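First the structure, in the form of structure tokens, and then the observations on it.
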Amino acid sequence: MTHTPAPARRDRARLREEGRRRRQRVVWGVIAGVAAILLVGVGVVTAAVIGNQGSSSAADADPAAPEPIVFPADEPAEADGEGPCTTVRVLSSFENAEMVATLAEAYNAEPRDVDGACVEVVASRDKSGVAAEDAAAGWEDQPEDERPVAWIPDSGSWLGVARESGGSADVPSSSTSIGSSNIVLAMPEELAAEIGWDEEPPTWAEVFETADDADVWTDLDHPEWGEFKLGKTSPVVATSGESAMLASYGAAAGSVADVTAADISDEDVADEVKQHELATSHYMATPEHFLWHARQSEEKGGSAADFLSAVIVDEKSVWDYNRGITSRDGVTRIESEAPAEQLVPIYPADGHHVADNPAVVLTGSWVEEAEAAAAEDFIRFAGTKEGQAVVRDAGYRDLNGELDAEVAEVGALATAPKGGLDFPDAEVVVAMHEAFPEVRKRANVLFLVDVSGSMGDPIATGESKLAGAKVAIEKALDHFADGDRVGLAAFSEVDANALAPGEVSAVDDIADTRDRFETALAALKPIEWTPLYEAVDTFAKRQAADFDPDRINAIVLLSDGRNETEAPSTTAQQMLGTLDEMHHSTPVLVFTLAYGADADVKTLQSISSATGAHYYDATDPTEVDEVLGDLVTSF
């Protein structure tokens, strides 16, 4: 890969800085207001996605562009239909869940009568990739009366994945967009200004080249920002991750707008994508995970730049962050003051994907005729004047591509960004999903398991906590591929042995050691005490000693209790000091999983937070399979 020489980068940054000083900054709110007036005056359509017209390119001032949609008023019934009400179960993604839930509330607030019955819309959410897998299998693991009637993922790419990978006939080929959000490169404002991307957006190739340059911030006289840290979600879980990976393939193949399945199978293209992926710190399940950590970095007295230089997210997430809303888990909202360090969205010069939020009424055998009719009425409502107001208020672009003025101002979002791209055909997206295990950054991971006496306690399934954990860990191994280095250690304290049994399967290529790992896992037994601090301190140092900058260096810590030792041992302060020191030299990510109701949630959260990793909640131990499966998508 070609790199820009450091002197040239410095000259480019100096020239851009001089240019910025010559230009007066204009308040975003004024820009949004003036642009809105101009748009109304000339009747320009700014939609990135309008219904199902098949093109999501941002509109230019084109006299041939269609007239803006005039949204019809909602027409609720004069009175509710007869009971019992028809229940419409609507499944959304994590990203658009708030919008869909608010649409459901607005619809339910008015009287409805569909085929003589009243209607109640019930919204639920799931990760996009998980929902697509369930859809491909016809939601066979759920009781029929709990399966969704309608599905509104945040991107139509997941509808295609469900149809293409599972051959599911339950997901119709046509859909109705209810709003859109562009997927952008978001950066802390100061970093975007220093590199000049706030004024002159880069191409995706320049983004990946910069992320691969360990000295970029040092060359721009900001060594305190460390390396360029690019955040990306997993492409098999989240839409922003799909977009990031498709952009990587496009940049390597020569066109982000025209990625093909042949490009994805091309060995030279794949080799370059592998190089791009080395700049990724680790993958996460939702954009909110990255933004929560960035905010935590600022609140601890540091900077968002301590955790990320840029992250690929949707516009709505930028708006949320800039107004002080974050989420540790993608579900629970934390509202606080707006951050001092605002994010700015960058719309790359060679295009960005658009999440089109398509709605479909499913056609599975469990969907009754009355449910389908009621679901269609709900989708109709989403396209009305009242429904589209909800879409805008939720931070999305309506079907004319327009944002709420305050959303645009707070999020610093472009009024009519150019370069919006449809996601490619389903066969391309599925090919990318299938190729991801081969091109992703390889892992260097130690599973660290609490085997204190309480791990022998029974759970609701009738098995012991340790037995349940073993099943979940064995399933999680399926996520890893040849070349990933994976090991196993366990900790308790007995007879003055501070870390019994300790390492039971050395970290090594899973292709060679899986049998050894599984044998060691099966042999684990509950022992006695819980030397949590000693275990984390000891094994974090060992992982750091084997640190590999071309791998995701991590520990997956599963614990069901609090630090309890028979003899004096490592303190919490000493452990956190170790993690903090390593974070700036040989960063080992410690992903923590609270297992069971007695787990020390606060301590586990502090451990993961200190390393820039994530905390996962399996305090309901019957959910450990799902939670651990979610966790390993970070690799």
Side-chain angles (χ1 to χ4, degrees), residues 1-3 48-49 54-58 128-129 132 136 153 155-167 182-185 201-212 230-280 283 310 312 314 346-356 418-442 481-483 550 633:
M1 180 178 293
T2 303
H3 297 281
V49 178
S55 174
S56 61
S57 297
S128 298
S155 170
S157 59
W158 300 106
L159 302 179
V161 166
R163 290 191 296 266
E164 184 79 12
S165 59
N182 296 284
I183 298 173
V184 299
L185 185 75
T203 64
W204 281 108
E206 289 172 326
V207 171
F208 295 122
E209 177 187 343
T210 301
D212 193 38
L230 179 61
K232 290 189 286 186
T233 54
S234 169
V236 298
V237 176
T239 300
S240 58
E242 283 188 327
S243 176
M245 187 58 60
L246 290 166
S248 181
Y249 275 103
S255 174
V256 174
D258 300 306
V259 179
T260 66
D263 292 331
I264 292 172
S265 63
D266 185 284
E267 290 186 5
D268 292 336
V269 171
D271 286 344
E272 187 166 340
V273 170
K274 289 179 183 178
Q275 185 65 32
H276 294 167
E277 292 306 290
L278 294 181
T280 303
Y283 307 94
I312 299 169
D314 56 286
I346 310 297
Y347 301 84
D350 50 346
H352 59 273
H353 293 104
V354 180
D356 59 340
K418 296 182 179 180
L421 302 172
D422 282 325
F423 278 84
D425 292 342
E427 66 173 4
V428 179
V429 178
V430 170
M432 178 271 292
H433 281 195
E434 292 175 347
F436 177 63
E438 297 303 318
V439 299
R440 66 170 172 78
K441 191 173 183 178
R442 285 293 177 258
D482 293 359
D550 289 339
T633 61

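Since the model is a prediction, treat every value here as computed from it, not as a measurement.
Atom-to-atom distance recorded for E272:CD and K274:NZ is 13.0 Å, nearest 0.5 angstrom. Taking CD of E438 as the reference point, atom CD1 of I264 lies at 13.5 Å (rounded to 0.5 Å). Note that CG of D266 and OG1 of T260 are 8.5 Å apart. Values are rounded to the nearest 0.5 Å. Within the model, atoms CD of Q275 and NZ of K441 stand 10.5 Å from one another, a figure rounded to the nearest 0.5 Å.
For the pair I312 and L185, the tightest heavy-atom approach, listed with the atom from each and the gap, is CG1-CD1, 3.9 Å. For the pair P437 and A481, the tightest heavy-atom approach, listed with the atom from each and the gap, is O-CB, 4.3 Å. In this structure, A244 and F208 approach most closely via the heavy-atom pair O-CZ, 3.9 Å. Contact record, L246 with V259: O-CG2, 3.7 Å, taken as the closest heavy-atom pair. Contact between N182 and V354 at its shortest, heavy atoms only, is OD1-CG2, 3.3 Å. Shown here for V161 and V430, the closest heavy-atom pair between the two residues is CA-CG2, 4.1 Å.
A 4.5 Å side-chain heavy-atom check between M245 and V439 finds at least one atom pair inside the cut-off. Within the 4.5 Å cutoff, the side chain of E277 has heavy atoms near those of the K232 side chain. Two residues are said to be in side-chain contact when any heavy atoms from C-beta on lie closer than 4.5 Å; I183 and F423 meet this criterion. T239 has its side chain out of reach of T233: every pair of non-hydrogen atoms, C-beta onward, lies at least 4.5 Å apart. Counting heavy atoms from C-beta on, the side chains of T210 and P202 never come closer than 4.5 Å. For the pair Y283 and V236, the minimum side-chain heavy-atom distance is 4.5 Å or more. Contact of the S128 side chain with the V237 side chain is not registered, since no non-hydrogen atoms from C-beta on lie closer than 4.5 Å.
The closest donor-acceptor contact from the side chain of R442 to the backbone of L278 lies at 3.5 Å or more, if one exists at all. Panel note: side chain D356, backbone G156; a donor-acceptor pair is recorded below 3.5 Å. Looking at E434, its side chain never comes within 3.5 Å of a backbone N or O of A431 through a donor-acceptor pair.
Residues meeting the side-chain contact (heavy atoms from CB on, under 4.5 Å) test with A253, sequence neighbours left out: D263, V269.
Note: W158 and H433 have tilted aromatic rings, judged against thresholds of 30 and 60 degrees for the angle between ring planes.
The stretch residues 245-257 participates, sequence neighbours left out, in these side chain to side chain donor-acceptor pair (under 3.5 Å) pairs: S248-H276, S255-D258.
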